[in-house]
Number of protein chains: 2
Amino acid sequence: MTVTIKDIARVANCSYATVSRALNNKPGINAQTRQRIVNVAGQLGYQPNAIARGLVMQRTHTIGLVIPDIVNPFFPEIARGVEDVASDHGYTVFLCNTNWDQTKENVYLKALQEKRVDGIIITPSIDLSSANGTDYAYLNEISLPLVIFSGQSSTGGHSYIEIDNHRGGFIATKHLIEAGYRRIAFIGGRESSHSNSERLKGYKSALTSYEIPIDDNFITNHDFYSESGYALMESLLSLPNPPDAVFTGNDIIALGVLECLQKRGIRVPEDFGVVGFDNIIFSGYPQIQLTTISQPQYLMGKLAAEILLNEINGLSTKGVRKTILEPELIIRKTTRKLNFPYNIREKSR
Amino acid sequence: MTVTIKDIARVANCSYATVSRALNNKPGINAQTRQRIVNVAGQLGYQPNAIARGLVMQRTHTIGLVIPDIVNPFFPEIARGVEDVASDHGYTVFLCNTNWDQTKENVYLKALQEKRVDGIIITPSIDLSSANGTDYAYLNEISLPLVIFSGQSSTGGHSYIEIDNHRGGFIATKHLIEAGYRRIAFIGGRESSHSNSERLKGYKSALTSYEIPIDDNFITNHDFYSESGYALMESLLSLPNPPDAVFTGNDIIALGVLECLQKRGIRVPEDFGVVGFDNIIFSGYPQIQLTTISQPQYLMGKLAAEILLNEINGLSTKGVRKTILEPELIIRKTTRKLNFPYNIREKSR
DNA sequence: AATATAATATCAAACGTTTGCAATCGAAAC
DNA sequence: GTTTCGATTGCAAACGTTTGATATTATATT
């Protein structure tokens with residue numbers, strides 16, 4: 001049925017070793033025979049079998065990308081970044097979407113290893129640094145090149161790349177404070193997510209810096225979905241002394257928050273400020289104009305892939321590489337301008 | 001380094017044929033030996049080599065998904081759908097994002113075949129039915145199970161699934177007409193895209209049904225991106241006799257259109273109506289509220305994968321299967337309510 | 001006790017490549 | 001006319017599985 005190297009050898013009248021060498025531009029083949037073989041291969045419509053090749057080469061030119069939520073526009077940009085560099089280097093990527101499901105994450109990781117991918121990029125659905133060891137020990141058991149995206153290695157044994165989430169949370173909150181909001185709440189996503197908990201820490205740190213007391217009732221977490229943002233906003237507003245601003249775990253949550261606010265007829269930014277995180281493309285749309293913290297998504301995807309590919313090809317200098325990017329505050333229309341002489345001085349962090 | 005079936009055989013003191021059968025729950029193995037082997041495998045941390053298995057089985061439990069734009073929220077939902085059913089059936093999916101680049105599409109298709117995927121789901125970047133044969137002959141040369149997503153087979157040789165784009169274009173335009181808009185323009189995406197040209201045909205057909213003349217100046221095409229929608233809206237507005245409504249090739253374009261309109265201070269829906277296509281999640285957000293044509297994205301992804309898997313496993317009744325779903329008009333806030341007694345009768349299509 | 005039968009285990013080929021080593025072949029060198 | 005050398009080419013093993021055919025063993029049957 002399918003044509004193999006042996007078929008070519010038969011019609012080109014040579015051994016299949018020669019065919020292999022000719023087709024792969026290996027040295028030591030007569031130019032004419034090479035040409036003859038190439039012609040025959042073309043005529044027969046030969047398509048090399050990457051599976052067979054992978055078996056002997058112990059390399060599949062395949063990488064795995066494990067992400068928690070392909071529907072959040074943050075991740076497609078990442079995926080595009082890794083995919084672009086992967087394909088530029090002749091690699092193909094397995095997409096694994098976990099829906100924040102740890103079990104699924106484990107299943108995928110196992111499958112990827114069985115499929116003998118050359119490396120893995122993963123956004124773990126839980127915080128490796130705080131998780132109890134047993135849960136996520138498996139990540140440390142992976143001997144493949146692996147880069148952790150937006151999360152840190154629990155052992156320090158893997159490269160990772162992320163934005164400085166703590167700082168991101170800090171400048172977001174600082175901005176709210178400077179814009180004159182005082183009762184600032186936090187609506188996070190998954191409590192167990194690394195990025196989420198770092199952002200929360202940044203939030204707390206900013207409040208502390210400005211000597212604003214931290215109110216535990218103002219700190220909420222649930223999901224990285226807008227429904228969750230909507231619901232938590234509802235509950236925050238029903239507090240006896242509700243907040244006048246909120247910093248959210250990501251932009252999607254913020255959209256839910258905005259929806260709630262609009263429904264309640266609360267004016268943004270006049271009476272209520274909101275700052276998101278990620279700067280997904282939709283946050284910049286004129287109807288939304290969400291103030292947020294920017295992550296260079298496509299670039300981060302590219303970087304992650306480059307780091308991984310270097311590691312795969314043994315080019316990385318001494319293994320583990322930690323890349324931390326600077327977050328950037330994007331001021332738009334969901335926070336008011338600083339025009340209150342509040343006379344506040346930021347304490348050093 | 002890595003432990004193989006032979007290692008297990010050695011310590012379990014049996015042949016590796018036995019190990020294989022034991023681990024795969026094949027019959028004819030003594031319960032005790034099986035248990036012993038399973039134990040050994042566990043102790044050694046054995047991970048089956050899917051590459052080797054794929055070579056002998058001629059099956060990789062892998063499918064390819066080729067889409068033109070992972071960043072358009074339409075496609076991540078699709079991807080999630082196919083991935084969910086794939087993973088439920090023990091399949092892994094290669095994600096291939098072409099950025100509407102035909103060359104890239106070809107490269108990917110070749111790579112997928114070389115990697116011996118069991119099947120492919122593809123949204124072709126050009127219209128197969130109208131493309132000149134040579135260009136897209138390659139799709140017909142693919143002997144793998146293949147389902148065409150949102151596009152039709154040029155030969156009828158492949159299954160496909162899509163929404164009725166013609167009808168979608170028709171009801172979108174009809175709605176604009178019934179809402180009282182009269183100078184209705186079309187801002188499409190890729191002219192060569194199947195779905196786009198079908199939607200355009202539907203648009204024309206609706207105008208004709210209502211005896212509204214078709215103005216070629218009102219028919220524009222470029223990209224499926226919002227920048228393109230913005231730019232084309234600009235140019236339409238600079239026409240001596242500009243339109244008062246627009247039907248766009250997809251929601252993303254509509255967002256660009258809306259942005260332009262807002263910038264120009266044109267009131268929507270009072271003075272200008274816009275209808276999109278796809279009903280991506282963001283179209284429903286309170287700040288956007290775009291009237292559009294709905295496609296059940298996740299479901300379509302699931303269906304595509306199910307059809308493909310059936311074909312792979314030889315379950316499909318007699319090969320080619322054509323699935324065409326009904327589009328649904330979602331009326332929101334970018335078109336005004338029908339409150340003009342225009343006294344118009346729809347001609348039968 | 002000898003034979004038939006069923007249960008279990010092994011052998012070896014196959015899947016389609018790559019590659020170290022050996023073999024061949026001309027021609028150049030002596 | 002040998003010998004030697006370099007350029008080509010071929011051989012065969014290896015990668016890690018699966019599986020049909022066969023061999024072995026234990027049990028049941030007479």
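Values below: all heavy atoms of this structure, side chains included; hydrogens, waters and symmetry mates excluded. The structure displayed is predicted, hence computed values, not measured ones. In what follows, chains carry the letters A, B, and so on, assigned in the order in which the sequence lines appear, proteins first and then strands, with residues in each chain numbered from 1.
- Between A/Gln32 atom CD and D/dA7 atom P the separation is 16 Å, expressed in whole Å.
- A sub-4.0 Å separation between OP1 or OP2 of D/dT18 and a side-chain N or O of B/Asn24 is present.
- Following rounding to the nearest Å, A/His61 (NE2) and C/dT17 (C1') show an atom-to-atom distance of 14 Å.
- A/Tyr298 carries A/Arg80 over the face of its six-membered ring, with the cationic atom under 6.0 Å from the centre and within 45° of the normal.
- Here B/Ser20 lies in heavy-atom contact (under 4.0 Å) with a base.
- Checking D/dT17, D/dG16, C/dG16 against every side-chain atom of B/Thr2, the shortest atom distance belongs to D/dG16.
- When rounded to the nearest whole Å, the span between CD1 of B/Ile51 and C1' of C/dT18 equals 15 Å.
- Rounded to whole Å, atom P of C/dT10 lies 16 Å from atom NZ of B/Lys26.
- At C/dC15, none of the side-chain N or O atoms of A/Tyr16 fall inside 4.0 Å of OP1 or OP2 (strictly under the cut-off).
- Nucleotide C/dG16 holds its P atom 19 Å from the NZ atom of B/Lys115, rounded to whole Å.
- Atom CG in B/Leu55 sits about 12 Å away from atom P in D/dT17, given to the nearest Å.
- Listed pair B/Ser15 / C/dT10 meets the phosphate criterion, a side-chain N or O lying under 4.0 Å from OP1 or OP2.
- For A/Asn30, counting side-chain heavy atoms from C-beta on, the closest listed nucleotide (D/dT9, D/dG16, C/dC11) is D/dT9.
- Contact check on A/Lys302 versus A/Asp88 returns no salt bridge, with no Lys/Arg side-chain nitrogen under 4.0 Å from an Asp/Glu carboxylate oxygen.
- Toward the 5' end of DNA chain D, the nearer of the two residues B/Arg21 and B/Val56, judged by each one's closest nucleotide, is B/Val56.
- When the side-chain nitrogen and oxygen atoms of A/Thr33 are compared with OP1 and OP2 of D/dT9, one or more of them lie within a distance under 4.0 Å.
- Here the rule is side-chain contact (heavy atoms from CB on, under 4.5 Å) with B/Ile67, and of B/Thr98, B/Leu95, B/Ile122 only B/Leu95 fits it.
- A/His61 and A/Tyr91 have tilted rings, their planes meeting at an angle from 30° to 60° on a 0 to 90° scale.
- Closest to the side chain of A/Ala17, out of C/dC11, D/dC11, C/dT17, is D/dC11.
- Put simply, CE on A/Met57 is 21 Å from P on C/dC15, counting in whole angstrom units.
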Side chain to side chain contact (heavy atoms under 4.5 Å, CB included) evaluation trace for B/Leu139 with B/Ile142: CA-CA 5 Å; B/Leu139 253 202; B/Ile142 293 180; 3.9 Å; yes
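- Residue A/Gln58 has its side chain nearest to D/dG16 when only D/dG16, C/dT17, C/dT19 are considered.
- Between the C1' atom of D/dG16 and the CG atom of B/Leu23 lies a distance of 13 Å, rounded to the nearest Å.
- At the heavy-atom level, B/Thr18 lies under 4.0 Å from base atoms of the strands shown.
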